[in-house]
Chemist: 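The structure's right below; bear with me while I get my questions together.
Because the structure is predicted, anything quoted here is derived from the model rather than measured. Throughout, a chain's letter reflects where its sequence line sits, starting with A, and its residues are numbered from 1.
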Number of protein chains: 2
Amino acid sequence: MARLPLYLRALSALSERGVPTVSSEELAAAAGVNSAKLRKDLSYLGSYGTRGVGYDVEYLVYQISRELGLTQDWPVAIIGIGNLGHALANYGGFASRGFRVAALLDADRAVAGQRIAGMVVRHMDDLEQIVRDDRVSIGVITTPAPAAQGVCDRLVAAGITSILNFAPTVLAVPEGVDVRKVDLSIELQILAFHEQRKSATDAGPTLPPTAPPPAGTAARGDRGGDLPEVMPA
Amino acid sequence: MARLPLYLRALSALSERGVPTVSSEELAAAAGVNSAKLRKDLSYLGSYGTRGVGYDVEYLVYQISRELGLTQDWPVAIIGIGNLGHALANYGGFASRGFRVAALLDADRAVAGQRIAGMVVRHMDDLEQIVRDDRVSIGVITTPAPAAQGVCDRLVAAGITSILNFAPTVLAVPEGVDVRKVDLSIELQILAFHEQRKSATDAGPTLPPTAPPPAGTAARGDRGGDLPEVMPA
DNA sequence: AGGCTTTTGTGAACGTGTGCACAAAGCTGA
DNA sequence: TCAGCTTTGTGCACACGTTCACAAAAGCCT
């Protein structure tokens, strides 16, 4: 379930505040979901609540952590040290939860060799060796879009089966490989879509009539692969 | 529909390669979805395909762009110029699609005043004025988690109804305000979950039996608000 | 000890989104 | 002009996730 990390976050906050138990109602509110949904999700990992009382916070934190595999170490490699890769390398949110940034890689020899976040950036040539030696289990792709599929193929060939893709491309991977995609432009476009609907309903028809057959009138084009370029420094 | 941006991206790539028409089958493959689903999505904006031929690429690009509201200008403000905010400010993917970074803001007076990506970072004190003067329509929150709700409240009070949240918090907003969340830790945790299941089925039971009532044994805690701190420079 | 309150766990209805399969529609070539 | 081929648009069934509502269970108070 994709909601477990959400619950874990809310529970951890409660744990720090010393709250011993929590009801499904309270926890659901903190996580922003329906209480029945939360109870069903939790019952999926086995019933560990007490009727009339609620759930033991510490115990539930432990259970979810174990279910998510957060009790073990997950070495992560970041490929493509542009703006985004640079930011992720310095991002503190990884280390705290078993996700250890094990390696940074870039195709540009001017970038490889630099020290970023206390690590030396390695060159793409060493990818396979690094994955093998450091037992990397998750690859994070922050390259420009045209390079993403190639990097992905090499990661898969090296044995990686979990990829987090920030490049605006649909990656083709064989069965058994998990890819999750984070696309900032798409998020913004969805917001813009809803924003437009709001202002449209404020004044005017929801779907203004369209000129039927105009050809060759492309609006602002989606120029494809505009991910962060390699950062100057 | 959240898939329209995906189609738009695929169509734009075809457009650049000079492809005049495309069938639902081809486009679906490029976008990584089912062809029937794609046809249904497109029929939702009005039937603009030709049976036996396919869809006119340029025309479809125009239609989707208009439906998404990409034919107009969307000024974006980025609040919290830490690692992530810095990267986003330099990110080229915004400008190309009607999303113009109109303002950068930070609560730290040492950060305000700096020039980043050709813009001067403003102080949070000026938030309301900036939103009003620059007609900001989308707010991007890249602050540490504890500050996110406060920033969110101020954005909403200033009239913003679309927010993209990178802070690891569930934001409470009134009816009518859209919030989309991007949480890197959660994406990684979901990957770790699946990765664990894979190795678990390789050798051993899928769900190893649990010690029933151990209290006070929290595993690696989710330390909550570990978003990028404000960047040194 | 027993009834009352609280809260879990879950059965069942509901709504939504997905995918199949096919008829209608348009193009092509003879 | 007409048969045949291709591809769209959509009715229908199905599966999934969500939500309601309630019975069973646990604690608490008198």
Chemist: Not counting sequence neighbours, which residues clear side chain to side chain donor-acceptor pair (under 3.5 Å) with A:Arg135? List them please.
Modeler: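 In terms of side chain to side chain donor-acceptor pair (under 3.5 Å), with neighbours along the sequence ignored, A:Arg135 is linked to no residue.
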
Chemist: Is the closest side-chain donor-acceptor distance between B:Gln63 and B:Tyr59 under 3.5 Å?
Modeler: yes

Chemist: Phosphate oxygens OP1/OP2 of D:dG9: is one of them under 4.0 Å from a side-chain N or O of B:Tyr55?
Modeler: yes

Chemist: Students should find this one: the first and last nucleotides of DNA chain C, 5' to 3', lying under 4.0 Å from a heavy atom of chain A. What are they?
Modeler: C:dT6 to C:dA12

Chemist: Who are the salt bridge (charged side-chain N to carboxylate O under 4.0 Å, His left out) partners of B:Glu128, not counting sequence neighbours?
Modeler: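 Testing B:Glu128 for salt bridge (charged side-chain N to carboxylate O under 4.0 Å, His left out), a comparison that skips the adjacent residues, returns B:Arg154.
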
Chemist: Which pairs, with at least one residue in residues 38-49 of chain A and sequence neighbours excluded, count as a salt bridge (charged side-chain N to carboxylate O under 4.0 Å, His left out)?
Modeler: A:Arg3-A:Asp41

Chemist: Can you list everything that forms a side chain to side chain donor-acceptor pair (under 3.5 Å) with B:Arg51? Sequence neighbours excluded, please.
Modeler: none

Chemist: Rounded to the nearest Å, what distance is computed from the CG atom of residue A:Asp41 to the P atom of nucleotide D:dG17?
Modeler: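 Value for this atom pair: 10 Å.
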
Chemist: Listed by chain and number, what are the side chain to side chain donor-acceptor pair (under 3.5 Å) partners of B:Ser23, not counting sequence neighbours?
Modeler: B:Glu26

Chemist: Could you list the residues that satisfy side chain to side chain contact (heavy atoms under 4.5 Å, CB included) with B:Ala30, not counting sequence neighbours?
Modeler: B:Ala10

Chemist: Mind listing the residues from residues 30-40 of chain A sitting with a heavy atom below 4.0 Å of DNA chain D? Number order is fine.
Modeler: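 Residues of residues 30-40 of chain A under 4.0 Å from DNA chain D: A:Asn34, A:Ala36, A:Lys37, A:Arg39, A:Lys40.
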
Chemist: Table please: side-chain donor-acceptor pairs of residues 175-184 of chain B below 3.5 Å, with sequence neighbours left out.
Modeler:
unit_1: B:Asp178; atom_1: OD2; unit_2: A:Lys198; atom_2: NZ; d: 3.4
unit_1: B:Arg180; atom_1: NE; unit_2: A:Glu187; atom_2: OE1; d: 2.4
unit_1: B:Arg180; atom_1: NH2; unit_2: A:Glu187; atom_2: OE1; d: 3.3
unit_1: B:Asp183; atom_1: OD1; unit_2: A:Arg9; atom_2: NH2; d: 3.1
unit_1: B:Asp183; atom_1: OD1; unit_2: B:Ser185; atom_2: N; d: 3.0
unit_1: B:Asp183; atom_1: OD1; unit_2: B:Ile186; atom_2: N; d: 3.1
unit_1: B:Asp183; atom_1: OD2; unit_2: A:Arg9; atom_2: NH2; d: 2.2

Chemist: Identify, with sequence neighbours excluded, every residue that meets side chain to side chain donor-acceptor pair (under 3.5 Å) alongside B:Thr169.
Modeler: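 By the side chain to side chain donor-acceptor pair (under 3.5 Å) rule, B:Thr169 matches no residue at all.
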
Chemist: Under the rule for side chain to side chain contact (heavy atoms under 4.5 Å, CB included), what residues qualify as partners of A:Asp153, not counting sequence neighbours?
Modeler: A:Gln149

Chemist: Could you list all N or O pairs between the protein and nucleotides 25-30 of chain D that sit under 3.5 Å apart?
Modeler:
none

